[in-house]
Amino acid sequence: MTRLKLTTRLEEWATHSPFRITGKVWTSVPLLIVELSDGEHIGRGEGAGVYYCDDTPAKMIHEVEAVRDAIEAGITRAELAQLLPPGGARNAVDCALWELEARQQGTTVMALAGISDPRPLVTVCTVGADTPEAMAQQALAYGPVPALKLKLTEDPSNADRVRAVRAACPKAWIGVDANQGLNRATTEALLPVLLEADVALLEQPVPVGLDATLDGLKSRIPLAADESAQSLADLPSLIGRYQMVNIKLDKCGGLTEALEIAKQASVLGLKVMVGNMLGTSWSMAPAYVVGQYCDVVDLDGPLLLGRDRDVAAHYRHGHVEISPLVWGGKDAAAFA
């Protein structure tokens with residue numbers, strides 16, 4: 001293979017306001033940026049990592065640098081999967097390889113992935129955990145969007161949060177995400193409120209490792225696994241406990257494995273969702289490829305930032321469309 005030149009750097013992107021979930025508040029988002037060049041074409045990848053696994057960009061950059069020689073010698077995506085474990089470092093390199101290949105072939109990543117006619121997607125707009133009144137105002141600030149996702153926490157205010165947002169947005173599809181903040185008892189106590197508020201999805205109610213406590217739970221609301229679904233290897237353990245898997249490229253290590261998870265989840269009878277660990281449009285664009293196969297899409301990360309890339313995803317009325325000019329296609333000059 002052609003010898004490549006690897007460039008790595010760290011960036012920090014401020015959020016437009018503090019963003020809170022169970023156990024974590026963001027005021028800025030650190031990112032690892034990877035670029036791979038063959039001397040003519042450049043592929044880019046962005047990774048945020050998995051904060052609850054201590055998979056941070058500051059550590060990820062060292063992971064990538066430790067295998068610089070192997071990457072620069074020329075590497076396939078399959079070889080990369082043997083070189084780096086699932087996580088943000090592999091995600092950034094994997095995505096850079098996808099874009100580099102697309103540009104070398106004069107095509108798009110969508111086309112390489114077998115998608116000939118990508119469509120705009122409805123994305124949830126995320127409401128960070130706060131007081132019920134503040135969350136209702138956050139939801140209203142998005143305007144009349146079709147879908148919302150509410151962040152819940154381990155405190156007793158969850159029922160009031162859900163009721164407040166439903167009252168403010170009576171027509172929206174609503175999903176809620178506990179980010180491991182509940183247990184079996186608090187989940188069962190919350191379910192009637194969620195049903196009353198016509199909530200369509202409950203994401204990751206219990207902590208990783210306690211998924212078996214969901215055995216036998218009778219819920220008319222589908223459950224989605226997020227933190228409990230890190231990679232392809234986790235899929236079999238979800239059967240009978242969850243009805244949906246939330247695929248995130250930072251968790252599984254890139255677009256290559258994300259596409260395989262989407263395929264295998266469907267085989268196993270699980271619905272598929274694509275999410276994000278926050279980031280700019282360079283993180284959303286590869287996930288947008290996966291989103292073409294998904295039942296639920298959560299790609300609103302840039303809306304939580306103070307600014308985005310100069311060439312960025314287009315958000316309008318709760319829909320997202322990402323041109324190959326943002327990531328995953330020929331460079332801008334080639335389209336001029």
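Just so it is clear, the structure is predicted and the values come from calculations on it, not from any experiment.
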Would you say Met273 and Lys271 make side-chain contact, with heavy atoms under 4.5 Å? no

Going only through I, L, V, M, F, W and Y residues with side-chain contacts under 4.5 Å, is there a path from Val296 to Met284? no

Is the closest basic N to carboxylate O distance between Glu11 and Arg309 below 4.0 Å? yes

Take a 6.0 Å sphere around CZ of Arg316 and say whether it holds more than 12 heavy atoms from other residues, nucleotides or ligands. no

So, taking the atom named CD in Glu63 and the one named CG in Leu32, what distance separates them when rounded to the nearest 0.5 Å? 9.5 Å

Can you name the nearest heavy-atom pair linking Ala139 to Val165, along with the distance? CB-CG1, 3.9 Å

Heavy-atom pair of closest approach, residues Leu232 and Ile261: N-CD1, 3.7 Å

Steps toward side chain to side chain contact (heavy atoms under 4.5 Å, CB included) verdict (Trp26, Leu304): CA-CA 10 Å; Trp26 281 269; Leu304 303 173; over 6 Å; no

Would you say Val93 and Leu83 make side-chain contact, with heavy atoms under 4.5 Å? no

Are any side-chain N or O atoms of Tyr142 and backbone N or O atoms of Ala147, one a donor and one an acceptor, separated by less than 3.5 Å? no

For atom NZ of Lys5, decide whether the heavy atoms of other residues, nucleotides or ligands shown that lie under 6.0 angstrom number more than 12. no

Distance in Å, Cys169 SG paired with Ile174 CD1, rounded so as to fall on 0.5 Å steps: 6.5 Å

Any side-chain heavy-atom pair of Thr22 and Gln180 under 4.5 Å: no

With salt bridge (Lys or Arg N to Asp or Glu O under 4.0 Å) as the criterion, how do Arg9 and Glu35 come out once you've worked through the C-alpha distance, each side chain's angles and the decisive distance to 0.1 Å? CA-CA 9 Å; Arg9 68 179 183 273; Glu35 293 182 350; 3.4 Å; yes

Using atom types as modelled and distance alone, determine if a side-chain donor or acceptor of Arg166 lies under 3.5 Å from a backbone N or O of Ala172. yes

Would you say the side-chain atoms of Asn91 pair up with the backbone N or O of Gly49, donor to acceptor, closer than 3.5 Å? no

Asp300 and Thr123: side-chain hydrogen bond (donor to acceptor under 3.5 Å, both in side chains), yes or no, with the steps? CA-CA 7 Å; Asp300 67 335; Thr123 179; 5.0 Å; no

Please round to the nearest 0.5 Å and tell me the distance separating atom OG1 of Thr15 and atom CZ of Arg20. 14.5 Å

Do the side chain of Glu203 and the main chain of Ala224 share a donor and acceptor less than 3.5 angstrom apart? no

In sequence, state the C-alpha distance, the side-chain angles, and the governing distance for Thr7 and Ile42, and then conclude on side chain to side chain contact (heavy atoms under 4.5 Å, CB included). CA-CA 10 Å; Thr7 304; Ile42 294 176; over 6 Å; no

Quick check on the hydrophobic clustering: are Val297 and Val109 connected, directly or via other members, by side-chain heavy-atom contacts under 4.5 Å? yes

Asn246 side chain to Asp226 backbone, donor-acceptor under 3.5 Å: no

Can any side-chain N or O of Asp160 pair as donor or acceptor with the backbone N or O of Pro132 at less than 3.5 Å? no

Shortest non-hydrogen pair, Leu235 vs Ala265, comes out as CD1-N, 3.8 Å

Between Tyr293 and Ile115, what is the shortest heavy-atom contact and its length? OH-CG1, 3.4 Å

Met277 with Val208, same ILVMFWY side-chain cluster at under 4.5 Å: no

Give the cluster check for Leu31 versus Val311: same hydrophobic cluster or not, with ILVMFWY residues linked at side-chain heavy-atom distances below 4.5 Å. yes

What are the two closest heavy atoms between Arg241 and Leu223, and how far apart are they? O-CD1, 3.6 Å

Is any side-chain heavy atom of Arg161 closer than 4.5 Å to one of Thr153? yes

Separation between OG of Ser281 and CD of Glu46, rounded to the nearest 0.5 Å: 8.5 Å

As an exercise, state the distance from CD of Glu188 to CG of Asn183, rounded to the nearest 0.5 Å. 9.5 Å

Would you sort out whether Leu121 and Gln292 count as a side chain to side chain contact (heavy atoms under 4.5 Å, CB included), showing the intermediate values? CA-CA 8 Å; Leu121 301 173; Gln292 301 296 314; 3.8 Å; yes

Any side-chain to backbone donor/acceptor pair from Lys251 onto Ala229? Under 3.5 Å, distance only. yes

Donor-acceptor check, side chain of Ser228 to backbone of Ala225, threshold 3.5 angstrom: yes or no? no

Quick one: does any side-chain atom of Asp250 pair with a main-chain N or O of Ala48 as donor and acceptor, under 3.5 Å? yes

Once you round to the nearest 0.5 Å, how far does CG of Asp130 lie from CG of Leu150? 12.0 Å

Cys95 and Trp327: which non-hydrogen atoms are nearest, and at how many Å? O-CZ2, 3.2 Å

Mark yes or no for whether Arg90, through its side chain, and Gln82, through its backbone, hold a donor-acceptor pair below 3.5 Å. no

Side chains of Leu152 and Leu190: does their closest heavy-atom pair fall under 4.5 Å? yes

Are any non-hydrogen side-chain atoms of Ile247 and Val272 less than 4.5 angstrom apart? yes

Does Leu140 belong to the same Ile/Leu/Val/Met/Phe/Trp/Tyr cluster as Met135, with side-chain heavy atoms less than 4.5 Å apart forming each link? no

Indicate yes or no: at least one non-hydrogen side-chain atom of Val122 is less than 4.5 angstrom from one of Trp173. no

Using side chain to side chain contact (heavy atoms under 4.5 Å, CB included), reason through Asp55 and Met60 one step at a time and then give a plain yes or no. CA-CA 7 Å; Asp55 179 37; Met60 289 152 47; 3.3 Å; yes

Within the supplied structure, the quantity of interest is the number of heavy atoms (other residues, nucleotides, ligands) at a distance under 6.0 Å from Asp155 CG; does it exceed 12? yes

Are the side chains of Asn276 and Asp298 in contact, using a 4.5 Å heavy-atom criterion? yes

